[in-house]
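Below: one structure, written as structure tokens.
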Amino acid sequence: MAGTWTRLTAKGETKDLDRITAVMSMVDNGLMIEDYSDLSTNGMYGELIDEKLLAADRTKVAVSCFLPEEKHPKDTLAFLRDRFAALGIPVTFEIEGLDEEDWAESWKQYYQPIPLGRVTIVPAWQSYTPAEGEVIVRMDPGMAFGTGTHETTRLVISLLEKHLTGGERVLDVGTGSGILSICARKLGAASCAAYDIDPVAVKVARDNCRENGCPEIEVGESDLLRGVSLAGGKFDLCLANIVAEILCRMAPDLGGYLTPHATVIVSGIVADKAPLVEDAMTAAGFTRIDELAERDWVALAYRKND
């Protein structure tokens, strides 16, 4: 490989290999898979097999991708953690042979201010003077996905800026770092409720909301829509940056949480999975009103039909 690359490895159970591989392929298709479950010494060349391989745990697998220098390892790691958590797949990570805890500080070198229309995402540890009319969102993602560097986050923010008219009650499903709720509130949403299945993400999102002067954003733990509170009424706009399969699973129940003609912006969709989301949302009573794509990722905006 030419240039500088970072190896990111997800380790899990052999029974989950296909699903681990599918999630890792969202980052890159050039994967290295370590699976010793079928290793056998019954063949004539069995004596040539390295003893370390024979001693390997056959119930465990490792799937690695290699990130080019311009990629942001920290955001990619958080993106993967978010997806694995949403799918209920237990994994641990290593980065260039280091446990993810050892990555705690070195990733910051990759993170710079990111302009996204009116919004600019600024690292929490950097000083920054905004231009007139510029909306600043300061992010310290911790261990949760969402710093603005990943395509899926950028696509949602672009559609949010376009379709948020102001005064809406916003629901953010799978909030990660809380970045989308913070953007929505600063762009004029009347209120935001953000939920995530991962308690780490919930803590990070609360901290980020507070640091951005938005402590009023409601942040809670929920498996998709199950823990969403309607005490304050139904929602006018929903944001969900997850994965296609989870969006499809959520679609039939989504309408019950939304006001008539509400807007839904979904992302985390690999391009070839977009038709699955389109079919699920259409069947659930939504009409597509907008679409954005970047590289292999797609974000879609829908309007509730009634």
Side-chain angles (χ1 to χ4, degrees), residues 72-83 85-86 107-108 110-126 128 130 134-164 168 170-189 191-222 235 237-243 247 263-269 292 294 297 299 301:
H72 297 259
K74 178 61 180 181
D75 210 31
T76 301
L77 172 63
F79 170 83
L80 290 170
R81 289 184 75 256
D82 192 55
R83 269 50 185 178
W107 60 272
K108 291 184 178 180
Y110 296 96
Y111 192 28
Q112 300 297 323
I114 304 164
L116 300 168
R118 288 174 54 204
V119 175
T120 298
I121 312 300
V122 179
W125 54 89
Q126 290 189 12
Y128 186 86
E134 189 175 14
V135 175
I136 299 302
V137 176
R138 291 192 170 274
M139 296 303 300
D140 188 351
M143 297 302 293
F145 172 68
T147 61
T149 62
H150 197 275
E151 293 91 336
T152 58
T153 309
R154 293 199 298 266
L155 290 170
V156 174
I157 293 173
S158 295
L159 287 175
L160 176 64
E161 185 171 343
K162 182 177 179 180
H163 292 283
L164 183 75
E168 292 94 337
V170 174
L171 171 63
D172 180 7
V173 182
T175 191
S177 67
I179 187 172
L180 299 181
S181 288
I182 295 167
C183 286
R185 186 74 175 101
K186 291 200 168 194
L187 287 169
S191 65
C192 299
Y195 293 89
D196 202 286
I197 192 173
D198 184 356
V200 174
V202 171
K203 180 184 183 303
V204 169
R206 283 182 179 147
D207 290 344
N208 283 330
C209 289
R210 184 175 60 253
E211 292 300 318
N212 277 278
C214 303
E216 71 282 359
I217 293 177
E218 177 187 347
V219 183
E221 192 172 335
S222 175
F235 298 91
L237 191 149
C238 176
L239 306 167
N241 183 15
I242 315 177
V243 292
L247 292 170
T263 300
V264 179
I265 299 173
V266 294
S267 189
I269 306 165
L292 286 179
E294 185 176 346
W297 298 97

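Residues: numbered from 1 along the sequence shown.
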Derivation and outcome, side chain to side chain contact (heavy atoms under 4.5 Å, CB included), residues Glu218 and Tyr195
CA-CA 8 Å; Glu218 177 187 347; Tyr195 293 89; 3.0 Å; yes
Nearest heavy atoms of Ala184 and Cys192, plus distance in Å
CB-SG, 3.9 Å
I need the Arg154 CZ to Ile179 CD1 distance, nearest 0.5 Å.
10.5 Å
Which atoms form the tightest heavy-atom contact between Met139 and Ile182, and what is the distance?
SD-CD1, 4.3 Å
Do Cys209 and Pro215 have side-chain heavy atoms sitting under 4.5 Å apart?
no
Would you compute the distance between atom CZ of Arg206 and atom CD of Glu211 and round it to the nearest 0.5 angstrom?
15.0 Å
State, to 0.1 Å, how close Ala240 and Leu247 come at their nearest heavy-atom pair, and which atoms those are.
CB-CD2, 3.7 Å
Taking atom NZ as the centre, does Lys203 end up with more than 12 heavy-atom neighbours from other residues, nucleotides or ligands that are less than 6.0 angstrom away?
no
Taking all atoms of both residues into account, what is the closest heavy-atom pair of Ala85 and Ile197, and its distance?
O-CG2, 4.1 Å
Approximate separation, where rounding is to 0.5 Å, of Cys183 SG and Ile121 CD1:
4.0 Å
Option passing side-chain contact (heavy atoms from CB on, under 4.5 Å) with Leu239 (candidates Thr175, Ile157, Val264, Ile265):
Ile265
Dump the intermediate steps for side chain to side chain contact (heavy atoms under 4.5 Å, CB included) on Asp82 and Asp198, then the final yes or no.
CA-CA 8 Å; Asp82 192 55; Asp198 184 356; 5.7 Å; no
What is the distance from atom CZ of Arg138 to atom OG1 of Thr120, rounded to the nearest 0.5 Å?
10.5 Å
Take Leu180 and Val170 through the test side chain to side chain contact (heavy atoms under 4.5 Å, CB included) and record every step on the way to the result.
CA-CA 10 Å; Leu180 299 181; Val170 174; over 6 Å; no
What's the spacing between Leu187 CG and Arg185 CZ if we round to 0.5 Å?
11.0 Å
Which heavy atom in Leu159 sits nearest to a heavy atom in Ala299, and how many Å separate them?
CD1-CB, 3.7 Å
Show your reasoning for whether side chain to side chain donor-acceptor pair (under 3.5 Å) applies to Ser177 and Asn208.
CA-CA 7 Å; Ser177 67; Asn208 283 330; 4.6 Å; no
d(Leu160 CG, Leu116 CG) to nearest 0.5 Å is 11.0 Å
Test applied, side-chain contact (heavy atoms from CB on, under 4.5 Å); reference residue, Ser267; option that passes from Leu292, Asn241, Val243
Asn241
Report the C-alpha separation of Val173 and Cys238 in whole Å, then their side-chain angles, then the decisive distance to 0.1 Å, and conclude whether the side chain to side chain contact (heavy atoms under 4.5 Å, CB included) test is met.
CA-CA 7 Å; Val173 182; Cys238 176; 4.1 Å; yes
On a heavy-atom basis, the closest approach of Lys186 and Ile136 is NZ-O, 2.7 Å
Taking the side chain as everything from C-beta on, heavy atoms only, tell me whether Arg210 gets closer than 4.5 Å to Asp207.
yes
